[in-house]
Amino acid sequence: MERSGAIAESLSAAARDLSARLAQLSFAPPVSHVYDPLSYAWQAHETYLRRYAASRKRVIFLGMNPGPFGMVQTGVPFGEVAAVRDWLGIETGVGKPLAENPRRPVEGFACQRSEVSGRRLWGLFRERFGSPEAFFAEHFVANYCPLAFFDGGRNLTPDKLPAREAEPLHAACDAHLQALAAILQPAWVIGVGAFAEARARAALSATGVRVGRVLHPSPASPLANQGWASAAAGQLAALGVWGSSGCPAG
């Protein structure tokens, strides 16, 4: 698809607006720390947008929120360090959140921990498409919520927030997802896991975008640990998003 700097610029502006809107929200215990990689890891995130989001996409893969050893460290959705550095070719300086969690420090690209979900997701795309350019010609990967939440050393996912905190969060993230869809004009949004699928259906119900789901690649999922890549590829083929070979359908 034809590349356009205006598309990436629009996405960058939308991400900045989302970050600013979410900065106005507050979260009560058990949330002890909130990280926004769109702020302290903006250089890496903007590099990702400018390099890989400068064209319309047929498919958007949508995750839930940053993982502690993924986007929290690299600013890229599902941003397992090795995948971002070695396959996507992105490695930038990463700052620190205003209030750093001593039990979940931000080490940027020096982080030695591997985000399993990201390793599996980007590993599938690398296996099926070979190069980032081939994958991003029609695909993009985003997160519904850019914030990471912690209860001390424990990762808290957005689905665990009480309604009074979830409602304004969803309002901001829904608006951003709607903007993302308007800019990239996808035929499909594929939720990576049930939460992302549900939020995509709610946010995009008035659009013509089709919504589907693949199994989340988390190591906490027994099914994902039994061969996530083949399961996800099979789900995408069943939806008609990919052909049986893993290449785009149609």
Side-chain angles (χ1 to χ4, degrees), residues 3-23 33-55 57 60-102 104-126 129-137 139-150 155 173 176 179-180 183-184 192:
R3 290 177 61 83
S4 167
I7 292 177
E9 186 61 40
S10 295
L11 290 179
S12 293
R16 286 187 181 276
D17 288 346
L18 176 61
S19 179
R21 185 171 175 180
L22 294 180
H33 297 81
V34 179
Y35 285 2
D36 178 9
L38 297 186
S39 176
Y40 64 83
W42 176 250
Q43 183 182 358
H45 188 76
E46 186 177 38
T47 300
Y48 172 67
L49 295 179
R50 293 191 179 280
R51 186 173 298 178
Y52 296 119
S55 64
K57 309 296 182 183
I60 296 175
F61 289 94
L62 187 71
M64 178 188 293
N65 77 314
F69 309 113
M71 187 174 178
V72 160
Q73 305 294 336
T74 66
V76 174
F78 289 93
E80 196 257 348
V81 172
V84 174
R85 182 190 61 222
D86 302 335
W87 196 55
L88 300 184
I90 296 173
E91 184 174 11
T92 72
V94 173
K96 294 279 191 178
L98 291 177
E100 188 172 23
N101 182 352
R104 285 291 178 261
V106 173
E107 301 171 297
F109 286 85
C111 178
Q112 297 298 305
R113 297 284 296 271
S114 174
E115 184 82 3
V116 175
S117 295
R119 188 170 74 239
R120 288 173 172 172
L121 188 86
W122 292 113
L124 169 61
F125 299 153
R126 182 175 59 245
F129 292 89
S131 70
E133 291 73 21
F135 171 73
F136 285 104
H139 302 76
F140 189 64
V141 179
N143 268 332
Y144 172 73
C145 172
L147 302 183
F149 303 94
F150 299 98
N155 185 43
C173 295
H176 179 262
L180 188 73
I183 295 165
L184 294 180
V192 182

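Remember, predicted model here, so these are calculated numbers, not experimental data.
Taking both residues in full, the closest heavy atoms of Thr92 and Ala44 are given as OG1-CB, 3.3 Å, listed atom of the first, atom of the second, then distance. Across all their heavy atoms, Val106 and Pro97 have their closest contact at CG2-CD, 3.7 Å. When all heavy atoms of Ala142 and Leu180 are compared, the closest pair comes out as CB-CD2, 3.8 Å. Nearest heavy atoms, Gly108 versus Val81: O-CG2, 4.2 Å. Scanning both residues, Val94 and Ala41, for their nearest heavy atoms gives CG1-CB, 3.9 Å. Closest heavy-atom contact between Asn143 and Pro66: ND2-N, 3.8 Å.
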Problem set entry | Evaluation steps, side chain to side chain contact (heavy atoms under 4.5 Å, CB included), between Ile90 and Tyr52 | CA-CA 11 Å; Ile90 296 173; Tyr52 296 119; 4.1 Å; yes
For this session: Please test Met64 against Tyr144 for side chain to side chain contact (heavy atoms under 4.5 Å, CB included), starting from the C-alpha separation and ending with a verdict.
Result: CA-CA 5 Å; Met64 178 188 293; Tyr144 172 73; 5.9 Å; no
Exercise. Does the side chain to side chain contact (heavy atoms under 4.5 Å, CB included) test come out yes or no for His45 and Leu38, once each step is laid out?
Worked result: CA-CA 7 Å; His45 188 76; Leu38 297 186; 3.4 Å; yes
For this session: Evaluate salt bridge (charged side-chain N to carboxylate O under 4.0 Å, His left out) for Arg50 paired with Glu46, printing each intermediate quantity in order.
Result: CA-CA 6 Å; Arg50 293 191 179 280; Glu46 186 177 38; 3.3 Å; yes
Problem set entry | side chain to side chain contact (heavy atoms under 4.5 Å, CB included) assessment of Ile60 paired with Val141 | CA-CA 6 Å; Ile60 296 175; Val141 179; over 6 Å; no
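Side-chain contact between Leu62 and Val192: absent, with no pair of heavy atoms (C-beta onward) separated by less than 4.5 Å. Under the 4.5 Å side-chain criterion, counting only non-hydrogen atoms from C-beta, Val116 is not in contact with Phe69.
If you take CG on Leu49 and CG on Leu11, they are separated by 6.0 Å, rounding to the nearest 0.5 Å. A distance of 9.5 Å separates CZ of Arg113 from CD of Glu107, quoted to the nearest 0.5 Å. Atom NE2 in His33 sits 11.5 Å away from atom CG in Leu98 (nearest 0.5 Å).
Side-chain N or O atoms of His139 include one that pairs as donor or acceptor with a backbone N or O of Phe135 at under 3.5 Å. For the pair Arg51 (side chain) and Gly89 (backbone), a donor-acceptor distance under 3.5 Å is present. His176 places no side-chain N or O within 3.5 Å of a backbone atom of Leu18 that could act as its donor or acceptor partner. For Trp122 (side chain) and Phe78 (main-chain N/O), a donor-acceptor pair under 3.5 Å exists by modelled atom type.
Using bins of under 30°, 30° to 60° and over 60° for the plane-to-plane angle, the ring pair Tyr40/Tyr35 lands in the perpendicular bin.
Centroid-to-centroid, the aromatic rings of Tyr48 and Phe140 come within less than 6.0 Å. Separation of the Phe129 and Phe136 ring centroids does not fall under the 6.0 Å cut-off.
Pairs passing the side-chain hydrogen bond (donor to acceptor under 3.5 Å, both in side chains) check and including a residue from residues 60-88, sequence neighbours excluded, read Glu80-Ser114. Residue pairs meeting the side-chain hydrogen bond (donor to acceptor under 3.5 Å, both in side chains) criterion with at least one member in residues 10-23, sequence neighbours excluded, are Ser19-Asp36.
Scored by the side-chain hydrogen bond (donor to acceptor under 3.5 Å, both in side chains) test, Glu100 finds Lys96 as partners (sequence neighbours excluded).
Applying the 6.0 Å contact sphere to CD of Gln112 captures no more than 12 heavy atoms from other residues, nucleotides or ligands.
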